[in-house]
Amino acid sequence: MQFRAVKGMNDILPDAVGRWHRLEAAFRRVVESYGFGELRTPVVEPTELFVRSIGEVTDVVQKEMYSFEHHKDRLTLRPELTASAVRAYVQHKVNSKEPVSRWYYIAPMYRAERPQRGRYRQFYQAGCELYGDAGPASDAEMIDMLVSLYTELGIPDLKVCIHSLGGPGSRAKYREALLEYLRPRKDELTELSQERMEKNPLRILDSKSEKDQAVVENAPRILDCLEEEDLAHWDELKRHLDALGMQYEVDPKLVRGLDYYTRTLFEIKSDAGNLGAQNTLVGGGRYDGLVKRLGGADVPAIGFAMGLERILLAMPETDDTPSPPCFFAPLGEAAISAALVHAKQLRLAGVRTEVDSRGNSLKSMLRRANGLGVRHCVVIGESELEEGRAQLKDLAKSETVEVKLSALVARLQSLMTSEDEA
Ligand code: AMP
């Protein structure tokens with residue numbers, strides 16, 4: 001019997017992992033340069049954590065969670081990491097130890113969606129969470145940090161969209177205004193939006209259906225309902241972005257799917273690669289009430305998450321394969337042993353090295369070395385071993401020289417260094 005990976009979940013084999021490494025390394029380098037430190041949390045959390053934070057009337061909670069019962073505990077594989085991060089922040093009383101915390105993560109997430117191109121059931125997200133700073137300067141800095149990251153990754157045609165939902169006061173005011181507008185037009189909405197109307201009318205704003213969009217076109221705007229302090233926050237955000245020299249668009253339809261957002265929302269899009277309709281590289285925003293809602297102090301927060309599979313589609317093709325290793329082709333048991341010893345010394349000297357210890361013929365070992373693109377191949381035969389020598393083959397030039405085993409590591413190290421410099 002043969003097994004296959006679970007539907008919607010992918011293997012990433014070593015020959016494809018180079019691009020992942022490049023993306024993850026750039027992400028770490030950029031966010032660490034802004035003072036973010038890595039957070040790692042369990043894959044599984046109490047189901048209620050996600051229901052409370054993401055919101056009951058969301059696709060994620062209603063349809064997409066992998067939940068199960070274990071010894072009477074209701075558990076869920078995390079569909080995102082903001083809730084887990086807040087749980088950890090509250091659990092470890094981090095706010096009593098430091099006024100501002102900057103955290104990042106790179107981790108797999110799980111959602112039981114219908115698998116399609118760019119939509120998987122296990123996918124990877126990288127994100128940041130910033131606690132303890134309510135000001136719009138940190139919002140602007142975060143957006144600017146993301147633009148720096150995508151620019152470093154070579155992703156062109158970036159479009160930054162921003163919006164504000166206001167705080168709870170503005171939102172309540174807006175909700176009423178929106179409901180007043182929608183109620184007489186209820187019949188014109190899709191069935192799903194009709195259901196959502198009283199519970200979560202804001203979600204209707206970002207409905208993909210043309211029918212809903214036609215109704216929403218002339219709906220009142222959130223920005224027109226912002227209370228004074230929310231409006232000041234919004235205006236200041238734009239001033240900081242202007243100071244950073246950023247081009248952006250205000251998108252009144254940007255409300256995002258999760259319940260916990262307040263004030264600033266942002267998305268960055270790109271038409272690079274063939275992302276099609278799924279051209280949003282990252283989405284994020286403020287969630288000033290969430291820490292308190294999950295049992296912590298009244299600590300403001302802002303964060304974002306990006307799907308790594310999608311960023312990879314937008315990244316330009318480059319050669320991410322590592323340089324080929326040094327290669328040992330030993331003949332016979334004693335030579336294999338000697339190869340292990342010398343290969344270890346080479347690795348300690350920083351040279352990537354492989355030993356072919358299958359006990360095959362020289363011809364087959366050289367074929368494998370060629371397949372790997374190897375330049376330097378060390379052949380150790382039994383008689384050579386007795387004399388403390390080996391053959392060093394330059395496969396690119398088809399040249400062979402004899403070297404003393406005692407001088408082998410230094411010789412290879414200098415050869416590899418001079419090639420690196422060339
Ligand atoms: P969300 O947490 O829903 O705001 O999603 C944030 C980002 O994660 C999206 O922009 C996608 O890039 C990515 N994402 C969400 N769901 C999936 C999925 N099922 N498969 C792959 N990527 C996803």
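Note that ligands are numbered from 1 as they come in the structure, with each ligand's atoms numbered from 1 the same way. Note: hydrogens, waters and symmetry copies are ignored here, and every other heavy atom, side chains too, is used.
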Check: Hey, does H163 have a side-chain heavy atom less than 4.5 Å from the side chain of Y261?
Finding: no
Notebook entry, point to check: Relative to the heavy atoms of E113, which atoms of ligand 1 are at a distance of less than 4.0 Å?
Noted result: 16 (N), 17 (C), 18 (C), 19 (N)
Checklist line | Side-chain H-bond candidate by donor/acceptor type, Y131 with E98, under 3.5 Å | finding: no
Next item on the list: Using non-hydrogen atoms of the residue, decide whether E80 is closer than 4.0 angstrom to ligand 1.
Entry: no
Notebook entry, point to check: Would you say the side-chain atoms of Y174 and D224 include a donor-acceptor pair closer than 3.5 Å?
Noted result: no
Next item on the list: Please work out which of Y110, F123, F304 has its closest non-hydrogen atom nearest to atom 14 (N) of ligand 1.
Entry: F123
Checklist line | Within reach of ligand 1, part of Q278 (heavy-atom separation under 4.0 Å) | finding: neither
Next item on the list: Can you sort out which atoms of ligand 1 are near R111, meaning under 4.0 Å from one of its heavy atoms?
Entry: 1 (P), 2 (O), 3 (O), 15 (C), 16 (N)
Notebook entry, point to check: Which atoms form the tightest heavy-atom contact between L179 and P184, and what is the distance?
Noted result: O-CD, 4.5 Å
Notebook entry, point to check: Centre of F123's six-membered ring, under 6.0 Å away, within 45 degrees of the axis: is that where NZ or CZ of R119 sits?
Noted result: no
Margin query: Only heavy atoms of G118, strictly under 4.0 Å: list the atoms of ligand 1 that pass.
Written below: 20 (N), 21 (C), 22 (N)
Notebook entry, point to check: G307 heavy atoms, cut-off 4.0 Å: which ligand 1 atoms fall inside?
Noted result: 7 (C), 8 (O), 12 (O), 13 (C)
Next item on the list: Please report the C-alpha distance between E141 and R102 in whole Å, then the side-chain angles of each, then the deciding distance to 0.1 Å, and finally whether the salt bridge (charged side-chain N to carboxylate O under 4.0 Å, His left out) criterion is met.
Entry: CA-CA 12 Å; E141 189 185 48; R102 293 170 170 243; 3.1 Å; yes
Item checked: Any donor-acceptor N or O pair under 3.5 Å, side chains Q122, Y124 -> yes
Check: If you measure from each heavy atom of G283 to ligand 1, is any distance below 4.0 Å?
Finding: no
Check: What about E309: any of its N or O atoms under 3.5 Å from an N or O on ligand 1?
Finding: no
